[in-house]
Asker: 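One structure is given below, represented as structure tokens, and several questions about it will come after.
Since the structure is predicted, the reported quantities are computational estimates derived from the model, not experimental observations. By convention here, the first residue in the shown sequence is residue 1. Whatever order the structure lists ligands and atoms in, that order sets their numbers, starting from 1.
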Amino acid sequence: MRQLEQGVAWPSPGTKFWEAPARSSPMPVDVGGGSSSVQPRDSRSLDVVHFTAELAPIAKVGGLGDVVHGLARTCLARGHNVTVIMPFYECLPQDQIEGLGFDMDIEVPKGKSWDGEIQLTTLKTAVYRGVIGGVPVILVRPADWDACNLFRGGRIYGGSYNELESYLYFCRAGLEYLRCSGQQPHILHLHEWQTCAAALLYWEVYSALGLYRPRVVLTIHNLDNTGECRQDEFAFTGIDGEQFATIERALDERTIGHNPERLNLMKGGMVYSNAVTTVSPTYAKEVLSGMQAGWLRSTLMRPEVNSKVRGILNGIDVEEWDPARDELLPANFSAQFPDGKALCKKYLQRGLGLDESPDKPVVAVITRLVPQKGIHLIKAALFRCLDKGAQFVLLGSGHCDGEFKAMAEQQFKDHKDIRLLVMYSESLAHQIYAAADIILVPSMFEPCGLTQMIGMRYGAVPVVRKTGGLADTVRDVDSHAPGEANGYTFDGTDEGSLHGALDRALTHFKEQRASWSEFCATNMNPRLALTHFKEQRASWTELSATNMNTELSWSRSSADYVALYNSIAMP
Ligand code: ADP
């Protein structure tokens, strides 16, 4: 430990320590197995164009940004030509876009409805090129930003612009760019409701305008938001929405008989795509069984839609999330060289002003604070940790963060075991994952979930509600063989169910330490004690090591996507 400590810039409690380097120079550890990101080259190279509202690391709000980035990067490494088309948000840090340069101006058809009539114009659009995190990007925005506020403001979502208008314009602009630049990608890979209109526009407009080769994949990352849109609002694409207002196409069935009836972009996206994926096999099952489909259930029940939906489990970017090389950490570690993790824990405890005890398990939650994430269970876990002598660290923000803000400022302001950080910080997230003994994800539903996987990569043990991708990635210690088991799961949405799993994890963590101190106290034969200590420790440490060694990279998932692309691509 002493050697590891050399060069560590120990933080002062109460400072924004995560904004400064944690050590004077990086000290990566030998990676051993489990970290390889070398990809096999695929025999056929495909041209893939993603349409997305988010791209990590600089345009990320949640998992969507991570997923598009990880998939794109891995497919590039497999030998495919991948480009990401995304909005040029005003809030993007332009100094982090490599080689940013102007590409071309294009005239993008755009309309608005006025007195029941569609008025058509064009909007001069500036297209830029660059590279974000190793991925080639095309960024589109109105050429004259002073004349309209599309994608303006300090945030990606919830800023000062009209999201529906902006994303409908974006879909049209992306396709118009492909047409003007004469490209014929094999695959248009769309993500979430924001880009669904591109599927409708491609098949109804652009396939007659010379863009003929692309086949369309839609990935649903979350069915919570599906993009409601009045027919007249669809005119922001420059096309009248009326032709899509049928039950077979994009009409929102709940609005039949209302004035006005509305379209649903996600429904249209599913209908107009050649293949639809969601981000884990269990979420796909939940969606297809109607359990998580909401009112889109009837659309998903249609055989022609049902048959093209499948679940492909997300991976994580194992280079971005690599405890052996992560330069944001005060010490690096791996399954083979785990010592740095203890230092990361001590560093975080000191920086956050927590009791610097290695014996108190750190339970971490890193999340958007929205109902999906199980707000009442996050709160219940906080109080359970308090009762059980564990530490609880929350990093999160979102529209349900009010109560946590209040608790952070009052009840738990200088608490020695609880820290509630109501904010977004990429670097603090890295440090919390590295310090965490337990990563908690008590979601009400979870299409895939990345935090349990990132936590595992950093040696934490996940405690999760068994839903969606959490059910696909976490196997309970008490019902799986050692080596296969990797965490704790629970089913119910009530506090009792959460307590059951959390308590088992906390007991597991504490038992090994208790038994060691018991041995010391009873002054047993030191040789026996040592064996016992090792055996006991092995259970938690082995679990942590198993998790760090788990294959979580995009290798497996990208192979599934490539197989899907090949199954629908034109020769
Ligand atoms: P979702 O996409 O529903 O938000 P995921 O678990 O799929 O949930 O992905 C969440 C991603 O966002 C992870 O990379 C996680 O580390 C990150 N994240 C969530 N909240 C924060 C935060 N407050 N600060 C930093 N990173 C965060």
Asker: Any idea which of L450, V61, N314, D66 brings a heavy atom closest to atom 14 (O) of ligand 1?
Answerer: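 Answer by nearest heavy atom: D66.
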Asker: Between D317 and R73, is there a salt bridge with N-O shorter than 4.0 Å?
Answerer: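 Salt bridge present between R73 and D317.
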Asker: Between E356 and R350, does at least one N-O distance fall below 4.0 Å, as a salt bridge requires?
Answerer: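 Looking at R350 together with E356, the answer is yes, because their closest N to O distance falls below 4.0 Å.
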Asker: Taking only Lys NZ, Arg NE, NH1 and NH2, and the carboxylate oxygens of Asp or Glu, determine whether K60 and D66 approach each other closer than 4.0 Å.
Answerer: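 D66 and K60: salt-bridged.
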Asker: Under 4.0 Å from a heavy atom of I454: give me the atoms of ligand 1 that qualify, with their elements.
Answerer: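 Counting atoms of ligand 1 from 1, those under 4.0 Å from I454 are 14 (O).
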Asker: Report yes or no: does G449 have a heavy atom closer than 4.0 Å to ligand 1?
Answerer: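 Yes, G449 has heavy atoms under 4.0 Å from ligand 1.
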Asker: Tell me the nearest of F445, W321, Y424, Y433 to atom 15 (C) of ligand 1, using heavy-atom distances.
Answerer: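 That would be Y433.
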Asker: Give the single entry among Q452, E446, K373 that approaches atom 8 (O) of ligand 1 most closely by any heavy atom.
Answerer: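 When every heavy atom of Q452, E446, K373 is considered, K373 comes closest to atom 8 (O) of ligand 1.
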Asker: Within the distance-only criterion (no hydrogens, no angle test), does the side chain of S280 pair as donor or acceptor with the backbone N or O of G469 below 3.5 angstrom?
Answerer: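 Answer holds: yes.
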Asker: Nearest to atom 24 (N) of ligand 1 by heavy atom, P57, G65, A429, S425: which?
Answerer: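 The residue whose heavy atom sits nearest atom 24 (N) of ligand 1 is S425.
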Asker: Students should be able to answer this: which protein heavy-atom is nearest to atom 12 (O) of ligand 1, and at what distance?
Answerer: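 Nearest protein contact, heavy atoms only, for atom 12 (O) of ligand 1 is K60 CE, 3.7 Å.
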Asker: Do K373 and E446 sit within salt-bridge range, that is, some charged N less than 4.0 Å from a carboxylate O?
Answerer: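 Result for this pair is yes, salt bridge flagged.
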Asker: Counting only N and O atoms by type, is there a donor-acceptor contact under 3.5 Å from the side chain of R465 to the main-chain atoms of D491?
Answerer: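 Yes.
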Asker: Which ligand 1 atoms, with their elements, are less than 4.0 angstrom from a heavy-atom of G63?
Answerer: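 So the atoms of ligand 1 that pass are 1 (P), 2 (O), 4 (O), 7 (O), 9 (O), 10 (C), 11 (C).
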Asker: Heavy-atom contacts with R368 under 4.0 Å: which atoms of ligand 1 show up? List them by number with element.
Answerer: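 Within the 4.0 Å cut-off of R368, ligand 1 contributes 1 (P), 3 (O), 4 (O), 20 (N).
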Asker: For atom 23 (N) of ligand 1, what's the nearest protein heavy-atom neighbour? Residue, atom name and distance, please.
Answerer: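 Checking every protein heavy atom, the shortest distance to atom 23 (N) of ligand 1 gives M423 O, 2.9 Å.
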Asker: With the side chain counted from C-beta on, respond yes when V464 and L440 share a heavy-atom pair under 4.5 Å apart, and no when they do not.
Answerer: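 In short, these two side chains do not touch, never coming nearer than 4.5 Å.
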Asker: Closest by any non-hydrogen atom to atom 19 (C) of ligand 1: pick that one out of T367, L428, V365, L369.
Answerer: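 The residue whose heavy atom sits nearest atom 19 (C) of ligand 1 is T367.
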Asker: If you count the atoms of ligand 1 from 1 in the order shown, which ones are under 4.0 Å from a heavy atom of G396?
Answerer: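 Selected atoms, number and element: 23 (N).
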Asker: From R457 CZ over to I316 CD1, what is the distance, rounded to the nearest 0.5 angstrom?
Answerer: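 One finds 6.0 Å between CZ of R457 and CD1 of I316.
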